[in-house]
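One structure is given below, encoded as structure tokens.
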2 protein chains.
Amino acid sequence: MPSEADLVGQFDVSRMTANRALRELQSAGIIVRRAGSGSFIAEPKPIGHMIEIRNIAEEIRGRGHDYRARVIQNVEEKASAETAVLLEVPVGTKIFHSIIVHHEAEFPIQLEERFVLASAAPDYGTLDFTQLTPNEYLTRTAPLERVEHRVRAEMPDARTRGMLGLNEGEPVLRMTRRTWSNGRLVSHAWLSHPGTRFELSAAFSVDD
Amino acid sequence: MPSEADLVGQFDVSRMTANRALRELQSAGIIVRRAGSGSFIAEPKPIGHMIEIRNIAEEIRGRGHDYRARVIQNVEEKASAETAVLLEVPVGTKIFHSIIVHHEAEFPIQLEERFVLASAAPDYGTLDFTQLTPNEYLTRTAPLERVEHRVRAEMPDARTRGMLGLNEGEPVLRMTRRTWSNGRLVSHAWLSHPGTRFELSAAFSVDD
DNA sequence: AAGTGGTCTAGACCACTTC
DNA sequence: AAGTGGTCTAGACCACTTC
């Protein structure tokens with residue numbers, strides 16, 4: 001970033017004004033300032049709370065376990081009557097439809113079925129999701145604007161039970177996760193977890 | 001609050017310094033400033049997000065439905081080996097143990113089993129929880145400092161299934177909610193919901 | 001030695017609120 | 001008319017980093 005002195009020269013303002021501008025960018029978490037060194041673009045900030053669960057790969061590795069993804073499919077489709085509703089687009093809109101099973105060590109921990117607006121992420125269909133999660137990719141490609149989560153307990157259907165290696169009668173914690181970018185709903189995902197092997201958690205402090 | 005000019009006189013600083021101090025209090029949400037009028041202590045801020053689900057009674061009424069609570073028990077106990085672990089206290093510590101079923105219209109929507117540190121809420125045992133939820137009471141009595149949630153999908157035991165009026169094979173969404181006040185863990189609650197009749201939701205925007 | 005942010009000062013003009 | 005916050009200026013001294 002330009003230094004305070006640079007800004008003074010460039011915009012013909014006093015140093016206090018430049019200082020205040022940079023100080024406010026800092027307090028907004030957009031830049032980092034180091035005395036004696038300079039001002040720099042900040043590392044992207046975590047969005048916080050429940051969203052920390054977004055990157056399943058990092059979460060698993062953070063627990064010291066191997067992470068592995070099995071890509072069941074990643075295809076381009078035209079939105080059907082059902083999927084058009086999910087993404088709030090007209091029937092026939094180009095979308096990607098991926099199904100991935102995420103593993104912690106040898107255990108399936110999340111079944112991810114995701115619908116993505118193709119115009120918002122044109123190369124989604126060509127990606128190798130064993131190397132990077134859809135969420136990581138989307139976070140980079142489409143600046144995250146809004147996220148919505150819904151969570152419920154369900155009995156899995158036979159396909160889900162098979163892919164997650166569940167016993168008969170074992171429930172799943174199913175999260176529906178929708179993300180918006182540039183004013184558009186760009187992704188709708190169902191994330192199903194074995195109820196007994198997975199917990200969502202969130203903690204917050206009142207900081208005043 | 002003192003005005004900028006007051007602070008200049010009182011602390012022998014320049015106006016810019018007083019201005020910065022008040023501006024920072026404002027951006028921290030502690031005061032509100034009105035040009036031409038003055039600076040004032042801010043209204044307490046909402047804690048936000050997932051915490052909005054805390055008051056089940058208001059949530060149900062907000063949906064236009066009747067709210068009703070059935071108090072199964074509310075007794076004083078000495079912490080057993082099991083409950084002592086939950087509240088992180090020595091065995092034998094005085095605690096309250098309440099069980100309440102919350103209803104939306106005629107349907108049970110939440111089974112709340114709660115353990116409360118008696119020394120933090122001495123009159124908990126005498127309260128009428130058909131009129132006010134434990135959470136409302138605790139929020140008023142013990143200033144909330146930290147909250148932790150964990151959520152999982154489970155198959156209910158027979159007692160839970162009975163109290164929630166569930167069919168065989170129907171899972172529950174069980175939240176474990178712990179709250180801290182004045183540096184102590186004061187409450188441990190299990191909140192069980194019919195998986196098919198209840199969804200947790202949380203949305204957040206990136207606001208920059 | 002030159003550059004950086006951290007902090008503070010003493011002054012100014014302004015639109016607005018309050019009485 | 002007096003008081004309030006909003007904003008800006010031109011200058012200063014400092015500890016620290018960078019080279």
Against A/Ser39, only a single residue in A/Ile31, A/Val32, A/Asp6, A/Ile30 fulfils side chain to side chain contact (heavy atoms under 4.5 Å, CB included); can you say which? A/Ile31
Would you say the side-chain atoms of B/Arg23 and B/Asn19 include a donor-acceptor pair closer than 3.5 Å? yes
What's the CG-C1' distance between A/Asp6 and C/dG5, to the nearest Å? 13 Å
Heavy-atom side-chain contact between B/Met155 and A/Glu170 under 4.5 Å: no
Quickly work out the A/Glu4 CD to C/dC8 P distance and round it to whole Å. 14 Å
Nucleic acid contacts of residues 14-22 of chain A, taken as heavy-atom distances under 4.0 Å to DNA chain D: A/Ser14, A/Arg15, A/Met16, A/Thr17, A/Arg20
To check you understand the geometry: which heavy-atom pair defines the closest contact between B/Val89 and B/Ala79, and what is its length? CG2-CB, 4.2 Å
Measure across A/Leu127 and A/Asn74 and return the closest heavy-atom pair with its distance rounded to 0.1 Å. O-ND2, 4.1 Å
Please confirm whether the shortest side-chain N or O distance from A/Ser3 to OP1 or OP2 of C/dG3 is below 4.0 Å. no
Ranges pairing with ranges for DNA chain C, where each run has three or more Watson-Crick or G-U pairs under 3.5 Å: C:1-18 with D:1-18
Under 3.5 Å between N/O atoms: give me all the protein pairs with nucleotides 16-19 of chain D, atom names plus distance.
residue: D/dT17; atom: O4'; partner: A/Gly36; partner atom: O; Å: 3.3
residue: D/dT18; atom: OP1; partner: A/Ser37; partner atom: OG; Å: 3.4

Rounded to whole Å, please give me the gap between CZ in A/Arg23 and P in C/dG6. 8 Å
Figure out the CZ/P separation between A/Phe40 and C/dT4, and round it to whole Å. 10 Å
Under 4.0 Å between a side-chain nitrogen and a carboxylate oxygen: does that hold for A/Glu4 and A/Arg33? yes
Please confirm whether A/Tyr124 and A/Phe129 have ring centers closer than 6.0 angstrom. yes
Just to verify, which of A/His103, A/Glu104, A/His102 counts as forming a side chain to side chain donor-acceptor pair (under 3.5 Å) with A/Tyr67? A/His102
Determine, stepwise, if the pair B/Thr130 / B/Arg68 fulfils side-chain contact (heavy atoms from CB on, under 4.5 Å). CA-CA 7 Å; B/Thr130 62; B/Arg68 199 166 56 81; over 6 Å; no
Can you check whether B/Ala105's main-chain N or O pairs, donor with acceptor, with B/His65's side chain at less than 3.5 Å? no
Report the residue (B/Val13 or A/Gly38) whose heavy-atom-nearest nucleotide on DNA chain C is the more 5′ of the two. A/Gly38
Distance-only side-chain donor-acceptor flag, B/Ser119 / B/Arg184, under 3.5 Å: yes
